[in-house]
Amino acid sequence: MSVLEVLNERGFVEAVTHEGELKEYLEKNNATCYIGFDPTGSSLHVGHLVTIMALAHMQRNGHRPIALVGGGTGLIGDPSGKTEMRKVITHEQVDENKRGIKGQLSRFLDFSDGKALLLDNADWLTGLEYIPFLRDIGRHFSVNRMIKAESYKMRIESEEGLSFIEFNYMLLQAYDFMKLAKSHDCMLQMGGSDQWGNIVAGIDLVRRTQGKTAFGITFPLITTSSGIKMGKTHKGAVWLDPERTAPYDYYQFWINTDDADVAKFMALFTFMPMEEIKEVEALEGAQMNAAKAVLAYEATTIAHGAEAAQKAFEAAASVFGAPTIPEGLCGSSSIPRGGSGAVSAESVPSSSIDMSRLEQGIAAVDLFVETGLSKSKGEARRLIGQGGGYLNGERIDTFDQPISNGDFKDGEILLRAGKKRYHKIVA
RNA sequence: GGUGGGGUUCCCGAGUGGUCAAAGGGAUCAGACUGUAAAUCUGACGGCUAAGCCUUCGGAGGUUCAAAUCCUCCCCCCACCA
């Protein structure tokens with residue numbers, strides 16, 4: 001089975017250029033392909049996962065993926081799909097972000113022995129000279145055509161407009177492709193559907209300058225079944241950096257997937273075989289929860305390692321109860337089955353507190369604020385007033401209920417806000 | 001540079017001297033129902049030493065018993081013209 005089929009089957013493909021030829025190309029060659037990553041943040045997030053997984057599939061099928069960090073283009077900002085101009089970032093930030101990004105990608109890609117590459121387009125873009133660039137590259141672009149591109153249209157029609165530097169983004173990205181085609185024989189670029197215009201521009205440029213056919217694949221924008229762009233939660237992005245999104249929260253993010261999305265996400269964000277995923281589609285009711293646990297476990301394993309996934313699983317089990325995963329379900333997953341014995345909740349956020357203060361008793365509201373479960377006293381008061389505050393599993397009745405060292409159970413006080421947020425206080 | 005229109009609480013958006021912590025919607029949070037899902041229903045949604053007080057309506061001043069609302073200056077955005 002070729003990569004293209006794998007990607008297709010798993011729902012990665014939105015559009016492909018020269019489908020037949022690309023298929024042939026991928027079957028005959030150990031191809032090199034690339035995807036660009038914006039170094040605007042120090043961490044990638046779940047929104048990047050589709051592209052990352054696509055690269056991983058490429059590598060697993062014998063091709064060589066290149067993750068291209070836009071250190072040069074990042075200084076400009078891609079207007080595609082954005083309604084407003086992006087902040088320009090500094091070189092130092094880019095360097096720092098690059099390090100973070102590589103670390104995270106290493107979980108998904110094997111960078112050893114040049115099996116995957118991390119390149120930075122700043123290496124060739126920052127040295128460009130204006131006049132030669134215009135003469136050699138600019139002449140291949142038609143403004144008429146560019147302004148018709150979907151990626152620019154929106155901005156051109158917007159109130160804010162499109163700045164000149166952003167307008168040049170397409171040329172630079174096309175230049176990247178051309179450069180990589182020449183230096184690494186990289187003939188395939190992939191990207192989100194908003195990148196279509198940029199990718200096609202690159203393919204064009206490769207053809208005009210080198211007379212070769214390059215290819216492009218775009219991925220669909222993954223939305224949840226409720227139509228929201230996936231990976232954003234009220235708290236902001238779900239990061240791949242464990243410092244920013246703890247593995248436990250990462251795990252929880254996947255657990256909270258909509259029923260309707262579970263199978264889709266399994267196909268996209270795990271390496272589980274499609275036969276098993278098809279079975280998941282048919283699940284109903286509470287069984288779906290078991291499938292979600294598998295999804296969360298697998299996704300967490302990929303992003304943070306088996307150990308972290310195990311811990312997250314156990315922590316979740318200790319607060320929500322261990323899920324029963326039927327034997328027949330998702331056989332390839334190494335998720336613990338049949339309720340593992342000792343469950344620890346060490347991934348639940350915890351803090352310690354000065355014992356002398358506890359002796360006097362601390363009002364519940366204050367404790368909720370101190371532990372970060374509530375942002376302000378008003379919020380804590382509201383929470384408890386509405387019945388959302390719990391102490392060791394018991395609902396707290398009044399907001400000023402004192403909590404003291406008499407409330408320790410097994411050496412800890414377990415506070416809970418609402419259904420899902422916990423905090424442990426240890427002596 | 002000229003002319004006109006704007007900047008309101010997380011977002012959109014009403015409000016044009018007191019009745020405004022500011023309509024409505026969205027988002028969010030909690031509760032009920034459930035399966036840590038969705039949908040639905042209910043409630044909350046600036047802060048606090050909480051029937052009271054304090055801080056908010058681009059910024060700084062001013063008028064007034066009283067200003068998001070009126071005046072002055074400034075900053076920013078947008079449209080059209082040049």
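What you see below is based on every heavy atom in this structure, not just the backbone, and it leaves out hydrogens, waters and symmetry mates. The model shown is predicted, which means the values in this text are computed figures rather than measured ones.
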Asks: Below the 4.0 Å mark, does B/A32 have OP1 or OP2 next to a side-chain nitrogen or oxygen of A/R395?
Replies: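 For A/R395, the contact criterion (side-chain N or O under 4.0 Å from OP1 or OP2 of B/A32) is met.
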Asks: Taking B/C71 as the reference, what is the distance to B/G18 when you measure between their P atoms (whole Å, please)?
Replies: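 Those two atoms are separated by 15 Å.
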Asks: Scan every strand shown for a Watson-Crick or G-U wobble partner of B/C80, both distances under 3.5 Å, and answer none if you come up empty.
Replies: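 Partner of B/C80: B/G2.
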Asks: Send over the distance from A/I325 CD1 to B/G35 P, rounded to a whole Å.
Replies: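 After rounding, the reported distance stands at 16 Å.
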Asks: B/A68 pairs with which nucleotide, Watson-Crick or G-U wobble, both distances below 3.5 Å?
Replies: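 B/A68 is paired with nothing.
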Asks: Any chance the side chains of A/E412 and A/S350 put a donor and an acceptor closer than 3.5 Å?
Replies: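 Short answer, no.
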Asks: Is there a Watson-Crick or G-U wobble partner for B/C73 with both distances under 3.5 Å, and which nucleotide is it?
Replies: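 Partner of B/C73: B/G59.
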Asks: What integer distance in Å separates A/D258:CG from B/A38:C1'?
Replies: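 So the two atoms are 6 Å apart, to the nearest Å.
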Asks: Give one of base, sugar-phosphate or nothing for A/Y390, where a contact means two heavy atoms less than 4.0 Å apart.
Replies: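 It contacts sugar-phosphate atoms only.
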Asks: What's the gap between B/C65 and B/U56 when it is taken at their C1' atoms, as a whole Å value?
Replies: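 It works out to 22 Å between them.
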Asks: With under 30° as parallel and over 60° as perpendicular, where do the rings of A/Y250 and A/W254 fit, or are they tilted in between?
Replies: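 Taking A/W254 first and then A/Y250, their aromatic rings stand perpendicular (interplane angle over 60°).
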Asks: Quick one about A/Q173 and A/Q189 (side-chain donor to acceptor, distance below 3.5 Å, no hydrogens or angles considered), yes or no?
Replies: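 The answer is yes; a qualifying pair exists.
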Asks: Looking only at atom C1', what distance separates B/G52 and B/C57, rounded to whole Å?
Replies: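 Their C1' atoms lie roughly 24 Å apart.
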Asks: With a 3.5 Å limit on both atom pairs, tell me what B/U19 is paired to, counting Watson-Crick and G-U wobble, or say none.
Replies: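 Pair assignment: B/U19 / none.
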Asks: Quickly work out the A/N289 CG to B/U34 C1' distance and round it to whole Å.
Replies: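 It works out to 10 Å between those atoms.
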Asks: Work out how far the C1' atom of B/A82 is from that of B/G17, and round it to whole angstrom.
Replies: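 Going atom to atom, C1' in each nucleotide, I get 40 Å.
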Asks: Report yes or no: is the cationic atom of A/K102 (NZ for Lys, CZ for Arg) under 6.0 Å from the centre of the six-membered ring of A/F111, at an angle within 45° of the ring normal?
Replies: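 Judged by the rule, A/K102 and A/F111 form a cation-pi pair.
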Asks: Give the rounded distance in Å between these two atoms: CD1 of A/I384 and P of B/G31.
Replies: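 Whole-Å distance recorded here is 12 Å.
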Asks: Only one of A/D259, A/N256, A/T257, A/D261 passes side-chain hydrogen bond (donor to acceptor under 3.5 Å, both in side chains) with A/K292; say which it is.
Replies: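 Output: one option passes, namely A/D259.
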Asks: Between A/S376 and B/G46, is there a contact of a side-chain N or O with OP1 or OP2 at under 4.0 Å?
Replies: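 No.
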Asks: Roughly how many Å apart are B/A21 and B/U28, using the P atom of each and rounding to a whole number?
Replies: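 Between the two P atoms, the distance is 29 Å.
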Asks: Measure from OH on A/Y248 to P on B/U36 and round the result to the nearest Å.
Replies: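 One finds 12 Å between P of B/U36 and OH of A/Y248, rounded.
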Asks: What is the distance, to the nearest angstrom, from the CG atom on A/D400 to the C1' atom on B/U49?
Replies: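 For the pair A/D400 CG and B/U49 C1', the rounded distance is 13 Å.
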Asks: If I pick the C1' atom on B/A68 and the same atom on B/C20, what distance separates them, to the nearest angstrom?
Replies: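 These two C1' atoms come out 9 Å apart once rounded.
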Asks: Supply the atom-to-atom distance A/D95 CG to A/D120 CG, rounded to the nearest 0.5 angstrom.
Replies: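 One finds 7.5 Å between CG of A/D95 and CG of A/D120.
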Asks: What's A/Q252 touching, base or sugar-phosphate or nothing? Going by heavy atoms closer than 4.0 Å.
Replies: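 Base contact - A/Q252 has a heavy atom under 4.0 Å of at least one base atom.
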Asks: For B/G5 versus B/A27, give the span between their C1' atoms, rounded off to a whole number of Å.
Replies: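 Pairwise C1' distance, B/G5 against B/A27, rounds to 29 Å.
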Asks: May I ask you to decide if A/S404's main-chain N or O and A/D407's side chain share a donor-acceptor pair within less than 3.5 Å?
Replies: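 Yes, the answer is positive, given that a donor and an acceptor are paired below the 3.5 Å cut-off.
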Asks: At 4.0 Å (heavy atoms only), tell me whether A/R416 reaches a base, stays on the sugar-phosphate, or touches nothing.
Replies: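 No contact.
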Asks: Without decimals, in angstroms, what is the distance between A/L373 CG and B/A30 C1'?
Replies: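 Rounding to the nearest Å, CG of A/L373 and C1' of B/A30 are 14 Å apart.
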Asks: Any base atoms under 4.0 Å from A/L383, or only sugar-phosphate, or nothing? Heavy atoms, all strands.
Replies: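 Contact class for A/L383: sugar-phosphate only.
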Asks: Does A/T257 put a side-chain nitrogen or oxygen below 4.0 Å from OP1 or OP2 of B/A37?
Replies: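 Looking at the OP1 and OP2 atoms of B/A37, neither is under 4.0 Å from any side-chain N or O of A/T257.
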Asks: Describe the nucleic acid contact of A/G378 in one word from base, sugar-phosphate, nothing, applying a heavy-atom distance below 4.0 Å.
Replies: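 Touches a base.
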Asks: Would you mind telling me which residue lines up with the more 5' stretch of RNA chain B, A/G418 or A/V369, judged by nearest nucleotide?
Replies: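 Looking at RNA chain B, the more 5' nearest nucleotide goes with A/G418.
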Asks: Ignoring hydrogens and angles, does a donor from either the side chain of A/Q386 or the base of B/G31 sit under 3.5 Å from an acceptor on the other?
Replies: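 In this structure, the two groups form no donor-acceptor pair.
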Asks: Distance check, C1' atoms only: B/G46 and B/G2, in whole angstrom units.
Replies: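 To the nearest whole Å, 42 Å.
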Asks: With a 3.5 Å cut-off and heavy atoms only, can you find an N or O donor on one side and an acceptor on the other between the side chain of A/K419 and the base of B/U34?
Replies: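 Side chain to base: pair found, below 3.5 Å.
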Asks: Between A/E370 and A/R357, does any NZ, NE, NH1 or NH2 come within less than 4.0 Å of an OD or OE carboxylate oxygen?
Replies: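 Result for this pair is yes, salt bridge flagged.
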Asks: Paired with B/A44: which nucleotide, if any, by Watson-Crick or G-U wobble criteria at under 3.5 Å for both distances?
Replies: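 Because both required distances fall under 3.5 Å, B/A44 counts as paired with B/U28.
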Asks: B/A44, B/G35, B/U49: which one has an atom nearest the side-chain heavy atoms of A/K377?
Replies: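 Of all the options, the side chain of A/K377 is nearest to B/U49.
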Asks: Can a side chain N or O of A/K420 be found less than 4.0 Å away from OP1 or OP2 on B/A37?
Replies: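 Yes, within the criterion.
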Asks: Using atom CG of A/N256 as one end and atom C1' of B/U34 as the other, report the distance to the nearest whole Å.
Replies: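 In whole Å, B/U34 C1' and A/N256 CG are 14 Å from each other.
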Asks: Can you work out whether A/I255 or A/K375 has the more 5'-proximal nearest nucleotide on RNA chain B?
Replies: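 The residue closer to the strand's 5' end, by nearest nucleotide, is A/I255.
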Asks: Quick one: is A/R382 getting a side-chain N or O under 4.0 Å of the B/G46 phosphate, OP1 or OP2?
Replies: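 Indeed not, no polar side-chain atom of A/R382 lies that close.
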